[in-house]
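Notes to accompany the following structure.
Whatever order the structure lists them in is the order used to number ligands and atoms, beginning at 1. All values derive from a computational prediction rather than experimental measurement.
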Amino acid sequence: MSEEQISKIEVIKREGHHLRGTIAKALQDGAVKFSEENIEQLKFHGVYQQDDRDLRKMLRQEGKDRHYMMMIRVRIPGGILSANQYLQFDQISERYGNQTMRITTRQTFQLHGILKGDLKASIQAINACLITTLGGCGDQVRNMTACAKPRMGPCAEWVRQDLLVLVDRFSAKTHAYHEIWLDGEQITLAEDESEEPLYGRTYLPRKFKFGLAFEGDNCVDVYSNDIGIIAHLENDEPAGYTLVVGGGMGRTVSDPATYPRLASAFAFVTREQLAATCEAIVTVQRDYGNRENRKFARLKYLIEHMGLDTFRILVEERLGYALAPPRELNWHSFQDHLGWHSLDHSDIGFLGIYVENGRIMDTAHLRLKSVLRQVIARYQPTIHLTTQQNLILNGIRQKDRANIEMLLREAGVFLHENISVLRQNAMACPSMPTCGLGIAESERALPSLLSKLEQVIARYGLSDEPITVRMTGCANGCTRPYISDIGFVGRVVGKYDIFLGANSLGTRLNELFLEQIPFQSLVDTIEPVILVYANQRMAGERFGDFCHRVGLESLRKGVSISG
Ligand code: SRM
Ligand code: SF4
């Protein structure tokens, strides 16, 4: 590949001395923002430079520069952290961030609103509670997701161990992180020594995601990952894993050659084969993935381009043996483990708490952040963040349940049974005012839209139907809207494309129903479809399955669009 062909970011990675760039120097220069090269390097360290988009216009009119601030995304494998880590994280968000903590759709935390001058202190504080930000973002293996449901017994422990082996294997090994943020000593390597034996100088062509599900329970949307790992249990022992490959949601509206894709069934591996097989997959993507055009750099395009059979041959060549065919998969649940549950009929259990759009904060009517702090400090549960932006308190004794419920109620926090099924299953991405790629509102728009939609759904007697609604501020798909019953995807300011017809179990993508519908018309536009669903569905038929069966063309005929 000639120098002209490779993408600018590839050059930045290559010249960046294993993620060093000039970040260390820039942290001392007194400027409020980073250079373009450092912005790219910083992503690998879990840091995005953003600006407050609400202030842009006013600042421009005043002749001032943007209000720059950093977003930090940490890495919490499988979303599990201790009570102490949670509480320290809460303090860090209060001290350096915008006082909110956001649970992401990949079950980790983001902090927003950190000023450049506070960045190093924030990352040091995060590391002090034994959480890293390295690998939060960037062209490497990102935070690995796993079903957040607490499970008892050795089997759950083995699967967790297998995940942690992968986390270790695919974590960047560069010393840059310690040098820059933790004032570690600079190391000198011999000529033939590599700081990154797996990733090399240029890391991966693009982000790379792993997700782990237990067979039957697809709460993590396992098919949306570059590698989806499905654990098979037999007689309470892990019998091995089915791997699915090449999932991804992102698309670019202006380029119809881009598309969301569900991962393809690939192979069955034993526990012993898991890590080596994943490494072979990752390195094939490293060596053959597109480094010219980032729009086509994800594994899904490589697999579509070369074909799954050729891809398998390359993986098997690296392994030195043939892979067993994938097992047939059956899914029965996608829901997020909300509410009280007992662990194996013991006195101990867990509570899944609904968090609207993953944002943990205090408002005048809802003191979610304060009450979680209080409950977690007193009862010391283990915290499990979920891939649907919620939170589980694990390890709660039966005798403490009533008191916890009372504390939550007093703070205005409802248990899931008092929240509509529609709302429990809905997600929105941050978009405005922090996301630089956001086109339309998302997190700030979804709650009011749901209030209106709840009324419509109740009118047709469908309040108990688990209809999933996912909204994003652009087509990138950060809440995985292309595998929801109703996907609202921001297209231009104030207007959304509507997607219908996915399978809520996460095994079928939805399709574009209507384009550029104004926000205020979204519910009215969807109402006729809900009406036909109420009248014509078959027994037990889910909303997405109904839309798929009837066909979007026929559903479009009944819709009139205003706006
Ligand atoms: Fe995402 C970029 C937020 C999960 C696909 N995503 C971004 C950025 C960093 C914008 C940017 O590049 O400047 C957003 C920061 C917004 C902000 O203000 O915080 C952002 N993505 C998020 C989060 C916080 C959404 C949420 O509501 O939780 C999620 C953080 C996950 C994490 O902890 O790592 C998040 N993003 C996802 C997912 C869902 C998933 O992985 O399960 C996807 C779709 C799956 C996939 O990767 O294909 C996703 N985000 C993207 C893309 C499109 C990637 C592509 O292949 O085209 C971008 C843009 C890009 O990478 O160029 C993006
Ligand atoms: Fe930003 Fe788009 Fe992702 Fe929403 S979907 S967070 S607007 S990149």
Side-chain angles (χ1 to χ4, degrees), residues 9 39-40 42-43 46-53 69-77 79 98 100 102-113 133 135-145 205-211 220-226 228 246-253 255 258-263 290 293-301 355-359 385-390 426-443 445-446 470-483 487-491 506:
I9 292 175
I39 288 173
E40 293 307 325
L42 278 163
K43 290 182 185 171
V47 176
Y48 277 88
Q49 178 167 301
Q50 302 183 320
D51 72 286
D52 187 334
R53 295 183 61 184
M69 53 196 192
M70 309 298 148
M71 176 269 274
I72 299 182
R73 186 187 290 160
V74 300
R75 208 159 46 119
I76 305 178
N98 66 358
T100 76
R102 196 169 188 289
I103 305 169
T104 73
T105 52
R106 296 195 65 77
Q107 64 187 160
T108 184
F109 276 130
Q110 279 188 185
L111 298 181
H112 288 99
T133 67
C137 330
D139 296 343
Q140 57 191 317
V141 171
R142 302 277 187 94
N143 194 45
M144 292 193 189
T145 59
R206 206 61 163 86
K207 58 176 76 165
F208 198 102
K209 298 179 173 178
F210 281 63
V220 299
D221 281 335
V222 75
Y223 295 95
S224 66
N225 289 275
D226 295 272
M249 295 283 104
R251 53 185 267 276
T252 307
V253 177
D255 193 338
T258 61
Y259 47 81
R261 183 181 191 276
L262 294 181
N290 188 328
N293 185 345
R294 290 180 65 77
K295 270 193 215 159
F296 300 101
R298 293 289 294 271
L299 179 67
K300 62 183 178 181
Y301 297 112
V355 180
E356 187 167 70
N357 300 323
R359 186 74 71 173
L385 307 179
T386 81
T387 52
Q388 296 180 36
Q389 305 173 323
N390 297 311
M427 296 199 281
C429 73
S431 197
M432 307 294 174
T434 53
C435 179
L437 305 178
I439 300 168
E441 291 283 351
S442 183
E443 182 179 340
L446 186 63
R470 295 181 180 174
M471 180 176 258
T472 54
C474 80
N476 278 322
C478 295
T479 55
R480 305 182 287 271
Y482 309 116
I483 26 182
F488 294 120
V489 175
R491 176 71 177 273

- Message: Main chain of Pro430, side chain of Ser442: is a donor-acceptor contact present, judged purely on distance under 3.5 Å?
- Response: no

- Item | Salt-bridge criterion met for Asp221 and Arg470 (N-O under 4.0 Å) | yes

- Item | Atoms of protein origin (N, O or S) under 2.8 Å from atom 3 (Fe) of ligand 2 | Cys478 SG

- Got a salt bridge between Lys43 and Asp139, using NZ or NE/NH1/NH2 to carboxylate O under 4.0 Å? no

- Item | From Gln107 atom CD to Thr387 atom OG1, the distance as rounded to the nearest 0.5 Å | 5.5 Å

- Message: Tell me which residues fall inside the under-4.0 Å heavy-atom shell around ligand 1.
- Response: Tyr48, Gln50, Met71, Arg73, Arg102, Thr104, Thr105, Arg106, Thr108, Gln110, His112, Arg206, Lys207, Lys209, Gly248, Met249, Gly250, Arg298, Gln389, Ala428, Cys429, Pro430, Thr434, Cys435, Leu437, Asn476, Gly477, Cys478, Arg480

- So, for Arg206 and Arg298, which heavy atoms are closest and what is the spacing to 0.1 Å? CG-CD, 3.4 Å

- Task: For Gln389 and Ala428, indicate whether the former's side chain and the latter's backbone hold a donor-acceptor pair under 3.5 Å.
- Result: yes

- Query: Taking it one step at a time, do Asp226 and Lys300 satisfy salt bridge (charged side-chain N to carboxylate O under 4.0 Å, His left out)?
  - Reply: CA-CA 7 Å; Asp226 295 272; Lys300 62 183 178 181; over 6 Å; no

- Message: To the nearest 0.5 Å, what is the distance between OG1 on Thr105 and CG on Asn143?
- Response: 10.5 Å

- In terms of side-chain geometry, is the basic nitrogen of Glu356 or Arg359 positioned less than 4.0 Å from the acidic oxygen of its partner? no

